[in-house]
2 protein chains.
Amino acid sequence: MKQVRSSEWTGAFKQHRLRLTKPRQLIVDVLGATSDHLSAEEVYLRVHPKYARIGLTTVYRTLDVLVRMGIVSRLDFGDARSRYELVERSGKPSHHHHLVCSSCKRVVEYDDFMDEEVKLIKKLEKALSRKHGFGITGHVVQFLGLCPACKTLARA
Amino acid sequence: MKQVRSSEWTGAFKQHRLRLTKPRQLIVDVLGATSDHLSAEEVYLRVHPKYARIGLTTVYRTLDVLVRMGIVSRLDFGDARSRYELVERSGKPSHHHHLVCSSCKRVVEYDDFMDEEVKLIKKLEKALSRKHGFGITGHVVQFLGLCPACKTLARA
DNA sequence: ATGTTATTGATAATGGATATCAATAACATC
DNA sequence: GATGTTATTGATATCCATTATCAATAACAT
Ligand SMILES: [Mn+2]
Ligand SMILES: [Mn+2]
Ligand SMILES: [Zn+2]
Ligand SMILES: [Zn+2]
């Protein structure tokens with residue numbers, strides 16, 4: 001198969017001694033083209049029209065690879081499947097957290113007060129790693145509630 | 001079967017028009033007797049010696065009921081199964097967050113700086129509900145990292 | 001004590017994710 | 001550009017947490 005000539009990601013894959021294959025390129029492309037938080041199956045469905053022989057197994061494996069490379073974040077919004085987003089995507093607040101509707105699972109990204117949040121998070125990381133000896137590598141901050149639509153439905 | 005005469009929970013079940021059954025009482029007891037964050041199967045294993053005919057299905061259903069009643073919190077530490085804790089348990093910081101080892105899934109509860117955290121959370125809840133029209137009902141705050149033991153293993 | 005009905009638990013089924021393994025494609029080397 | 005090595009793929013089977021079904025049972029209002 002014709003190899004991917006070169007892309008934004010060639011270097012990152014080289015560094016990790018991984019091959020930049022057609023499926024991997026297409027999967028990153030799909031994540032780069034949306035602001036949604038896609039499940040593995042949704043990624044599969046969006047790659048399929050462009051590359052019909054893609055396998056769902058490959059999507060799962062590739063998303064794992066991308067998470068380990070630090071290119072993709074794995075998210076959990078409580079709907080029994082992992083969801084994925086590019087760590088850095090143009091047009092998205094670089095560091096953001098999520099507001100999740102516990103009924104319909106709609107997700108809103110926010111970065112209001114992110115400076116204050118990050119400042120407190122940094123302080124907590126320092127205190128917790130000293131107190132408990134953890135090497136802290138990340139955090140999850142999300143708010144749960146009812147989106148406007150689900151709030152209206154609940155009223156009826 | 002002999003009914004549960006009366007317990008700390010009689011009132012709560014009455015209010016919700018639910019029956020306080022033997023399995024339900026035993027499951028709450030198990031959660032009240034530990035500081036661990038138990039999975040459904042772990043709850044089942046701890047009830048079984050006291051009540052051998054308990055069914056795993058009942059444990060799942062009961063945990064759901066308790067979560068809906070607001071007596072129990074459902075937690076997700078990324079190990080592919082839900083975990084549960086009493087919302088209020090003596091000897092536990094009333095409001096706390098979690099520090100999770102991403103390798104062995106060990107969990108540490110913390111409440112350092114909880115006042116500051118809660119203050120910022122309150123502010124964010126207000127701002128987000130105004131901006132996005134969500135009715136916010138809860139939040140998830142957790143730190144991820146490597147516990148001392150897993151840090152040592154990684155060095156080797 | 002009795003009747004109604006919520007609850008239980010054995011069983012089967014669902015669905016997201018992973019293990020297996022022969023076929024294939026990426027790419028380092030020449 | 002051709003070649004050989006080997007990482008990667010994808011069809012398939014399987015795992016495992018959780019849920020659906022439904023007849024039997026137990027809680028509790030009366
Ligand atoms: Mn996001
Ligand atoms: Mn806890
Ligand atoms: Zn909603
Ligand atoms: Zn650990």
Notebook entry, point to check: Looking at A/Y51, does any N or O in its side chain come under 4.0 Å of the phosphate oxygens OP1/OP2 on D/dT9?
Noted result: no

Notebook entry, point to check: With respect to the phosphate group of D/dT18, does any side-chain polar atom (N or O) of B/S82 fall under 4.0 Å of OP1 or OP2?
Noted result: yes

Check: Have A/Y110 and A/Q142 got a donor and an acceptor in their side chains that come within less than 3.5 Å?
Finding: no

If I take atom [atom1] from residue [X] and atom [atom2] from residue [Y], how far apart are they, to the nearest 0.5 angstrom?
X     : Y     : atom1 : atom2 : value
A/I54 : A/T62 : CD1   : OG1   : 6.5 Å
A/D36 : A/L31 : CG    : CG    : 10.5 Å
A/H37 : A/R74 : NE2   : CZ    : 15.0 Å
B/S35 : B/L86 : OG    : CG    : 11.5 Å

Restricting to nitrogen or oxygen on both sides, can you table the protein-nucleotides 3-6 of chain D pairs closer than 3.5 Å?
{"unit_1": "D/dT6", "atom_1": "O2", "unit_2": "A/R19", "atom_2": "NH1", "d": "3.3"}

Next item on the list: Would you indicate whether B/K92, at its atom NZ, is surrounded by more than 12 heavy atoms from other residues, nucleotides or ligands within a distance under 6.0 Å?
Entry: yes

Next item on the list: Check the surroundings of atom NZ in A/K119: do more than 12 heavy atoms from other residues, nucleotides or ligands lie under 6.0 Å from it?
Entry: no

Rounded to the nearest angstrom, tell me the gap between atom [atom1] in [X] and atom [atom2] in [N].
X     : N      : atom1 : atom2 : answer
A/K22 : D/dA7  : NZ    : P     : 23 Å
B/I54 : C/dA10 : CD1   : P     : 9 Å
A/R81 : C/dG15 : CZ    : P     : 9 Å
A/E41 : C/dG16 : CD    : C1'   : 9 Å
A/R17 : D/dT8  : CZ    : P     : 12 Å
B/L20 : D/dA29 : CG    : C1'   : 16 Å
A/R53 : C/dA25 : CZ    : C1'   : 9 Å
B/D79 : D/dT18 : CG    : C1'   : 14 Å

Check: In chain order, what residues pass the ring pair (Phe, Tyr, Trp, His ring centres under 6.0 Å) check against B/H48, with sequence neighbours excluded?
Finding: B/Y44

Notebook entry, point to check: Between A/H97 and A/H139, is a ring pair (Phe, Tyr, Trp, His ring centres under 6.0 Å) present by the stated rule, with each step listed?
Noted result: CA-CA 10 Å; A/H97 292 150; A/H139 59 262; 5.2 Å; yes

Next item on the list: Assign A/S39 to base, sugar-phosphate, or nothing according to its heavy-atom contacts below 4.0 angstrom with the strands shown.
Entry: nothing

Next item on the list: Could you pick out which residue, B/A80 or A/R24, lies toward the 5' side of DNA chain D when each is mapped onto its nearest nucleotide?
Entry: A/R24

Check: Where along residues 56-72 of chain B does a heavy atom come under 4.0 Å from DNA chain C, residue by residue in number order?
Finding: B/T57, B/T58, B/R61

Check: Angle, rounded to 10°, between the helical axes spanning five pairs at each terminus of the helix from C/dA1-D/dT30 to C/dC30-D/dG1?
Finding: 50°

Note to self: Between A/Q25 and A/Y51, is the side-chain hydrogen bond (donor to acceptor under 3.5 Å, both in side chains) condition met? List the steps.
What the structure shows: CA-CA 11 Å; A/Q25 178 66 60; A/Y51 188 67; over 6 Å; no

Margin query: Which residues pass the salt bridge (charged side-chain N to carboxylate O under 4.0 Å, His left out) test with B/E42, not counting sequence neighbours?
Written below: B/R83

Next item on the list: Tell me, please, which residues at least two apart from A/H96 pass side-chain hydrogen bond (donor to acceptor under 3.5 Å, both in side chains).
Entry: A/E85, A/H98, A/E109

